[in-house]
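Okay, structure first, notes after.
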2 protein chains.
Amino acid sequence: MKKKLLISDIAKQLNVSITTVSFILNGKAKEKRISDDLTERVQKLVEEVGYRPNQLAQSLRTGKTRTIGLMVEDISNPFFANIARLIEERAYQEGYKIVYCSTEDDSDRTKELISMFRDMHVDGYIITPPQGVEEDVEKLIKDGFPVVLVDRQVAGIHTHCVIVDNLSGAYNATAHLMEQGYQNIAFVTTDSRQSQMLQRLEGYRKALAEKQLEPAVLEVPYRYDAKQMLRKIVSFFEETESIDAVLFATNYMAVRGLEAISQFNPQGLPANLGVASYDDHDVFKLLKPTITAVAQPTEAIANHVINLMLHLLNPKNKTSEADTIVLPTQLIIRNSTPRKEVVA
Amino acid sequence: MKKKLLISDIAKQLNVSITTVSFILNGKAKEKRISDDLTERVQKLVEEVGYRPNQLAQSLRTGKTRTIGLMVEDISNPFFANIARLIEERAYQEGYKIVYCSTEDDSDRTKELISMFRDMHVDGYIITPPQGVEEDVEKLIKDGFPVVLVDRQVAGIHTHCVIVDNLSGAYNATAHLMEQGYQNIAFVTTDSRQSQMLQRLEGYRKALAEKQLEPAVLEVPYRYDAKQMLRKIVSFFEETESIDAVLFATNYMAVRGLEAISQFNPQGLPANLGVASYDDHDVFKLLKPTITAVAQPTEAIANHVINLMLHLLNPKNKTSEADTIVLPTQLIIRNSTPRKEVVA
DNA sequence: TTGAAAGCGCTAACAT
DNA sequence: ATGTTAGCGCTTTCAA
């Protein structure tokens, strides 16, 4: 029984014109000085028969879909999943739908997705940009679409952006390790040149430099799958035995790394190896020992992002300056970074 | 600049009619006996100038959006996240978009989402139904929409369905625990009356009954948050000290449960407590000990679901019988279920 | 205050 | 083989 109701059905039943119904439905009753009585009757009938305007027709006509495209690196990463969930919730409250997808940090894929979103006529874009999509995103901006970048900045894209203070986060974690007495602190990261990764590296280096310690950086190619990554990390540990602590640049690298370590050392974490991770993860407090981590303020990130986007989406607001919001991280000290026993 | 190209622009530039272009674009060139030459010229120009049909107009006209609505219980649960990812990939290959969201197993929310999907004019629905949405889903079916249920069945909804053999899965896990010498095996589940949960319970009971062992079931209210759940589990363990093994009914309950146990017993898992979980989880192989689990065939589930959906979506296929596909689970034996030491 | 009518951009039945 | 044209269902200008 797909007897779709039309606006004309409503109009007919009340012996008024389509226009009138449309005005009322779009909250222009007052503005158009339609009698309160009629307004009410229309609303009542609409409610009763459950009439819902055809969104496709509406969108075709207005050019607006009340949909926001959200592209994160990997929706199955808890960090992004959380942000997505929070953004979605706020968006819904404001009458916006979210459609999301994962870029997998692949620029070609991302370009396709952007193009898909354009085809879908999303009203705004929230993106964690991989490298190599500068042009496409700039085009979006030039074409007048609201674009908010999250988690990382990309040189060459001039738009609103919500990131965290990666440098300080990594710096603090490294400093903490040093304070606990670790001297040979490794940093395991990806080979990606993304701003957030580079800044974490920089924070790590900066902290070490202040104490004249030598950095030991392992860059695992981003494209490596779990197994390759694990192998790479294992061999890194084998080659550099002097290491007494390690800071992982992302939570998923930490998870792989811990697997690597436990493979290398089936008894669990060597008692004298300090471990910390940039980016928290649910399981870190489950593991033995629990893992020290740099937590990112997901809620604040999500709120800033969606607020910015809603602001940009509101035609009343003049196009404001492209501004970058930098949020602080929080070092959560757990048991994986105990004071190092000095083996005399 | 947003100089949107129209089909009429293409037509004009080639001095042909809109119809011709439309036919060619929709692969009806042969059928309409349009000259190969023209066909090629049109395709070339379309390619060159990057013309893309307006999907809104297309959809408004055809009534099809080439979009599938996917509603899972919780997209941040790895089980569902995986299935979603796999489904999405296949869908894209076939030219379909996926829009997903989480029901949180709340029937009101789910009803709203269904209604939202209707408003969006999705072509088909893939749903992990909570209870209480029977009517709404049946309405969907009656209105002629393809509907495929996943993960659980609901009495009163007669449609295609892809589930796993929950009973056997739980039975096997329980049997395994008994074989390892455990005698007082608890089952920690939710109070949800969903088919998959009930079947897991039944599998557990069945295995125990065969050996005349007594069941010990803890039902944690689904609405409990992590903290409440944890507390509940802790007190259950405290009250029932004789327990020597526990089977968790879902992976997230297992995660909470392990937290509970470790809180109860900070040294880690008591050496003589067997632990297994229905539903695998990435971290199970990271924990000490690694956790025995009943793995669900996510890939097979996703494939069956999307194949079914694509089949239903194809107008060439007559509406086939509503069939239920039941897939087998796999028991992955890890270190958390060692042979029990008989303490003489 | 309300209504008629012109599109939004496309598809497809019908005509040629 | 290709063109004309009537919608899909809605918003909104313009007229009354």
Side-chain angles (χ1 to χ4, degrees), chain A residues 2-43 45-46 49-67 118-121 123 315, chain B residues 2-43 45-46 49-67 95 118-123 315:
Chain A
K2 206 168 11 187
K3 45 149 186 220
K4 274 263 75 178
L5 284 170
L6 305 185
I7 194 172
S8 54
D9 295 329
I10 303 294
K12 217 169 291 166
Q13 237 167 100
L14 260 37
N15 272 314
V16 293
S17 81
I18 290 179
T19 315
T20 308
V21 178
S22 176
F23 282 150
I24 294 172
L25 256 32
N26 291 298
K28 297 191 177 153
K30 283 271 172 285
E31 181 186 329
K32 298 291 178 183
R33 270 170 288 206
I34 291 167
S35 72
D36 289 3
D37 173 56
L38 212 181
T39 303
E40 247 172 62
R41 276 163 52 222
V42 168
Q43 284 169 339
L45 181 60
V46 163
V49 300
Y51 163 73
R52 325 208 50 172
N54 181 322
Q55 286 191 355
L56 290 170
Q58 230 167 222
S59 297
L60 178 59
R61 186 57 239 238
T62 61
K64 295 286 155 227
T65 52
R66 294 197 76 83
T67 298
R118 282 197 82 132
D119 286 351
M120 293 179 73
H121 293 252
D123 294 341
Chain B
K2 208 162 20 184
K3 43 151 190 216
K4 276 261 77 178
L5 285 169
L6 304 185
I7 194 171
S8 54
D9 295 329
I10 303 293
K12 218 169 292 169
Q13 237 168 100
L14 259 40
N15 272 314
V16 294
S17 83
I18 291 179
T19 315
T20 308
V21 178
S22 176
F23 281 149
I24 294 173
L25 256 32
N26 291 300
K28 296 187 179 157
K30 284 269 172 286
E31 180 186 328
K32 298 293 180 180
R33 270 169 288 204
I34 291 168
S35 72
D36 288 4
D37 173 56
L38 212 180
T39 303
E40 248 171 62
R41 275 162 53 222
V42 168
Q43 284 169 339
L45 181 60
V46 163
V49 300
Y51 164 73
R52 325 208 50 171
N54 182 321
Q55 286 192 355
L56 291 170
Q58 233 168 217
S59 298
L60 178 59
R61 186 58 240 241
T62 61
K64 295 287 157 226
T65 52
R66 294 198 76 81
T67 298
R118 281 198 85 133
D119 285 350
M120 293 179 73
H121 293 250
V122 305
D123 295 339

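Here is the naming used below: chain letters follow the sequence lines, and residue numbers restart at 1 for every chain.
Looking at the side chain of A:Ser17, the nearest of the listed nucleotides C:dC8, C:dG3, D:dT2 is C:dG3. The side chain of B:Thr19 lies closest to C:dA13, out of D:dC10, C:dA13, C:dT11. Relative to the side chain of A:Ile7, the nucleotides C:dT2, D:dT11, C:dA12 differ in distance, and D:dT11 lies closest. Closest contact between the side chain of B:Tyr51 and the listed nucleotides C:dC8, C:dA12, C:dC10 involves C:dC10. The side chain of A:Phe23 sits closest to C:dG3 out of C:dG9, C:dG3, D:dG3. Checking C:dG9, D:dG3, C:dT11 against the side-chain heavy atoms of B:Val16 singles out D:dG3 as nearest. When distances run from any side-chain atom of B:Leu6 to the nucleotides C:dT11, C:dG9, D:dG3, the shortest one goes to C:dG9.
The distance from atom CG of B:Leu60 to atom C1' of D:dC10 is 8 Å, rounded to the nearest whole Å. D:dT2 atom P lies 13 Å from atom CG of B:Asn15, rounded to whole Å. Look at CG on A:Asn54: it is 14 Å from C1' on D:dG7, rounded to the nearest Å. Straight-line distance from the CG atom of A:Leu38 to the C1' atom of C:dT2: 9 Å, rounded to whole Å. Between the P atom of D:dC10 and the CD atom of A:Gln55 lies a distance of 11 Å, rounded to the nearest Å. Separating the CD1 atom of A:Ile18 from the P atom of C:dG7 is a distance of 17 Å, rounded to the nearest angstrom. We find that CD1 of A:Ile24 is positioned 8 Å from P of C:dT2, with the value rounded to whole Å. Protein atom NE2 of A:His121 is 10 Å distant from nucleotide atom C1' of C:dC8, rounded to whole Å.
Below the 3.5 angstrom threshold, one finds a donor paired with an acceptor across the side chain of B:Arg61 and the base of D:dG7.
For the atom pair NE2 of B:His121 and NZ of A:Lys4, the computed distance is 5.5 Å after rounding to the nearest 0.5 Å. One distance of note links OG of B:Ser35 with CZ of B:Arg41; it measures 7.0 Å at 0.5 Å rounding. Note that CG of A:Leu38 and OG1 of A:Thr20 are 6.5 Å apart. Values are rounded to the nearest 0.5 Å.
Counting non-hydrogen atoms under 4.0 angstrom, B:Leu56 reaches nothing in the nucleic acid. A:Lys30 comes within 4.0 angstrom of no nucleic acid atom, judged by non-hydrogen atoms across all strands. Within the nucleic acid shown, A:Ser59 has no heavy atom closer than 4.0 Å to any nucleic acid atom. A:Ile34 comes within 4.0 angstrom of sugar-phosphate atoms only, judged by non-hydrogen atoms across all strands, and of no base. At the heavy-atom level, A:Ser22 lies under 4.0 Å from base atoms of the strands shown.
Listed pair A:Thr20 / C:dG3 meets the phosphate criterion, a side-chain N or O lying under 4.0 Å from OP1 or OP2. At C:dT11, one or more side-chain N or O atoms of B:Gln58 fall inside 4.0 Å of OP1 or OP2 (strictly under the cut-off). For the OP1/OP2 pair of D:dG9 and a distance below 4.0 Å, the side-chain nitrogens and oxygens of A:Lys4 include no atom meeting the criterion.
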Stepwise, does the side chain to side chain contact (heavy atoms under 4.5 Å, CB included) test hold for A:Val21 with A:Tyr51?
CA-CA 11 Å; A:Val21 178; A:Tyr51 163 73; 5.6 Å; no

Could you give me the CA-CA distance, side-chain angles and deciding distance for A:Leu56 and B:Thr65, then say whether side chain to side chain contact (heavy atoms under 4.5 Å, CB included) is met?
CA-CA 9 Å; A:Leu56 290 170; B:Thr65 52; 4.2 Å; yes

How far apart are the C-alpha atoms of A:Ile18 and A:Leu6, what are their side-chain angles, what is the distance that settles it, and do they pass the side chain to side chain contact (heavy atoms under 4.5 Å, CB included) test?
CA-CA 10 Å; A:Ile18 290 179; A:Leu6 305 185; over 6 Å; no

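Comparing A:Lys32 and A:Ser8 by the nucleotide of DNA chain D that holds the closest heavy atom to each, the one mapping nearer the 5' end is A:Ser8.
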